[in-house]
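First comes the structure, then the notes that go with it.
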2 protein chains.
Amino acid sequence: MATGRTHRPATRSRGIPEATVARLPLYLRALTALSERSVPTVSSEELAAAAGVNSAKLRKDFSYLGSYGTRGVGYDVEYLVYQISRELGLTQDWPVVIVGIGNLGAALANYGGFASRGFRVAALIDADPAMTGKPVAGIAVQHTDELEQIIADNGVSIGVIATPAGAAQQVCDRLVAAGVTSILNFAPTVLSVPDGVDVRKVDLSIELQILAFHEQRKAGEETGTPDEAASAQSAAPADAITPGAAAAAPAPLAPHRAAPGAGTDNGRQGPDGDVPAVMPA
Amino acid sequence: MATGRTHRPATRSRGIPEATVARLPLYLRALTALSERSVPTVSSEELAAAAGVNSAKLRKDFSYLGSYGTRGVGYDVEYLVYQISRELGLTQDWPVVIVGIGNLGAALANYGGFASRGFRVAALIDADPAMTGKPVAGIAVQHTDELEQIIADNGVSIGVIATPAGAAQQVCDRLVAAGVTSILNFAPTVLSVPDGVDVRKVDLSIELQILAFHEQRKAGEETGTPDEAASAQSAAPADAITPGAAAAAPAPLAPHRAAPGAGTDNGRQGPDGDVPAVMPA
DNA sequence: CTATGTGAAAGCATTCACAGCG
DNA sequence: CGCTGTGAATGCTTTCACATAG
């Protein structure tokens, strides 16, 4: 784990702000669609609408790439597709490995959008010997023992981790040791990686929780209390997910502000169970 | 589509900054792990490390929730778990529907972390009649025709879209019309929703593209040119993914700055193929 | 006269650093 | 005396609004 740095790409990225980089794929997608419909040019306004951002932002983003538009006209679709692709490094082929061929890993392997943008699934790797040799998405699954060899043979620098949480760090360490420098992590764990390695994570559960937060606020406003709402609208049947461990509403260490709002809801809290899809075992 | 507002939650969220909200699930996960190990208290430093953020950020985040810590000691794990759960609205049960039971949809249905945090899969919906009645993750798939009824019967306010891109907007419109106000979108499309509806998206391809961008930069630095790099290191065999449409390096509309760096790489560009996993058809 | 490109202003988020509570 | 909670400083991102190229 060395310096123990975690997450977030190296931040500064040669001029182009991170926020802009994150939107380039969006623009590219919109442009690709236009390209397919043989639309020759777009205005910042139109393209922005198609990408779901506002035009000022889009123009500012593009300004970091250079002056690729034509005043009074707009942007040349084909040319922009090319420029953004190049900027993103999609004009080259990126072999990736997927580690952990459970439900999710298999879905990822089958995912069309993967291959369509310069990413090639070079190998599928799983720790379960029973999986070895089985074809998934037309590729034979290989055993974890081969990991280092596969990385080296294929010049893989991007790895996708779709293992259970418990195995993720270990897999990550091996990937990194074998030369992988970018990791897309689907396991619900924080990965420690040395400097120079980028990790991006995708966590379904987190996304849902963020939605739930806003959803709760909506419900709260609706019910009246337009402010410190939190009025636990117990519309849904209060069947706790799992009656496990920690009982309801634990008492604070010190008598801080007592839990506001309509108190005693059920202190839901299940055993972590954090595992992306089915386990490879 | 009404006002045609798109993406990003309603922004302002009653005091708590959006960035903080997005980190609460992370803290919760770390805390839950501690709770399972029966750790009674944590310092901001320890918890921050476990969640992969720095301690100052964590303390600032928690300060928005209230003063839940004890100076000189730290935070009470159980109490914090409860407070954050409540803040996120996880003390109640959230029924969700998953629309589009292809590869990805099925993986999502099987995803353990789903149910473990207050989210209950109320129904699986697919447009393919051949899927109807089939059990996936122990739940019988229902046909799209039933969508409105299912939403109403179960009081669903959160929907997950895992259909092909082409069907996503239509499904989204139906979900919204039926009363869904939060959507987690896995289809690679920008969804238009009326105000008051939150959309969060998860796009594998986008994440990989962001990684590729940074990866390319790394490769560039390595090879010398520490600045406007873009020196297309053609290590991998230049087998274009799909030799489709648009030829190589289209010419700019006007003679702007000619494409810098080692010019003529292959103008990769396949038929969109944007489909998350297998299609329900 | 239209739509880009961009300084300058405003708004958020992160980090610093330290006062002050237990 | 350690560790939280938080103003103040810094840095990023978004938005505004307009000069300017075509």
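Computed over heavy atoms, backbone and side chain alike; hydrogens, waters and symmetry mates excluded. Numbered from 1 within each chain, the chains take letters A, B, ... in sequence-line order.
The pair A:E45-A:R59 fails the salt-bridge criterion, with no side-chain N (NZ, NE, NH1 or NH2) lying under 4.0 Å from an Asp/Glu carboxylate O.
Per the geometry, CG belonging to B:L58 stands 9 Å off P belonging to D:dT4, to the nearest Å. What separates NZ of A:K60 from P of D:dC12 is a distance of 14 Å, to the nearest Å. Straight-line distance from the CG atom of A:D61 to the C1' atom of D:dT13: 10 Å, rounded to whole Å. Straight-line distance from the CG atom of B:L47 to the C1' atom of D:dT4: 13 Å, rounded to whole Å. One interatomic measurement links the two molecules: CG of A:L65 to P of C:dT6, which rounds to 11 Å at whole-angstrom precision. What separates CG of B:L24 from P of C:dA13 is a distance of 13 Å, to the nearest Å. One atom, CD of A:E45, and another, P of C:dG5, lie 14 Å apart when rounded to the nearest Å. Taking atom CG of residue B:L80 and atom C1' of nucleotide D:dG5, one finds them 14 Å apart after rounding to whole Å.
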Begin from the C-alpha positions of B:D61 and B:T20 and carry the test side chain to side chain donor-acceptor pair (under 3.5 Å) through to its verdict.
-> CA-CA 6 Å; B:D61 283 344; B:T20 294; 2.7 Å; yes
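Comparing C:dC16, D:dG5, D:dC16 against the side chain of B:S63 picks out D:dG5 as the nearest. Closest to the side chain of A:P17, out of C:dC18, C:dA8, D:dT13, is D:dT13. The listed nucleotides are C:dT4, D:dT13, C:dT6; the one nearest the side chain of A:S44 is C:dT4. Closest contact between the side chain of A:Y75 and the listed nucleotides C:dT14, C:dG5, C:dA8 involves C:dG5. Checked against D:dT14, C:dT14, C:dA3, the side chain of A:A19 finds its nearest nucleotide in D:dT14. Candidate nucleotides D:dT14, D:dT4, D:dT13 were compared by shortest atom distance to the side chain of A:K57, and D:dT14 ranks first. Considering only side-chain atoms of A:R71, the nucleotide from D:dC16, D:dG22, D:dC3 that sits closest is D:dG22.
Take the nearest nucleotide of DNA chain C for A:G72 and for A:Y64: the residue whose nucleotide is more 5' is A:G72.
The shortest distance between the side-chain N/O atoms of A:N54 and the OP1/OP2 oxygens of D:dT14 is not below 4.0 Å. Applying the 4.0 Å criterion to OP1 and OP2 of C:dA17, one finds that B:R59 has every side-chain N and O outside that range.
Summarising the geometry of B:A50 relative to B:A30, their closest heavy-atom pair is CB-CB, 3.9 Å, with the distance given to 0.1 Å.
Checking B:T32 against B:E36 by side-chain atom types alone, no donor-acceptor pair falls below 3.5 Å.
In this structure, the side chains of B:L28 and B:L90 come closer than 4.5 Å at one or more pairs of heavy atoms.
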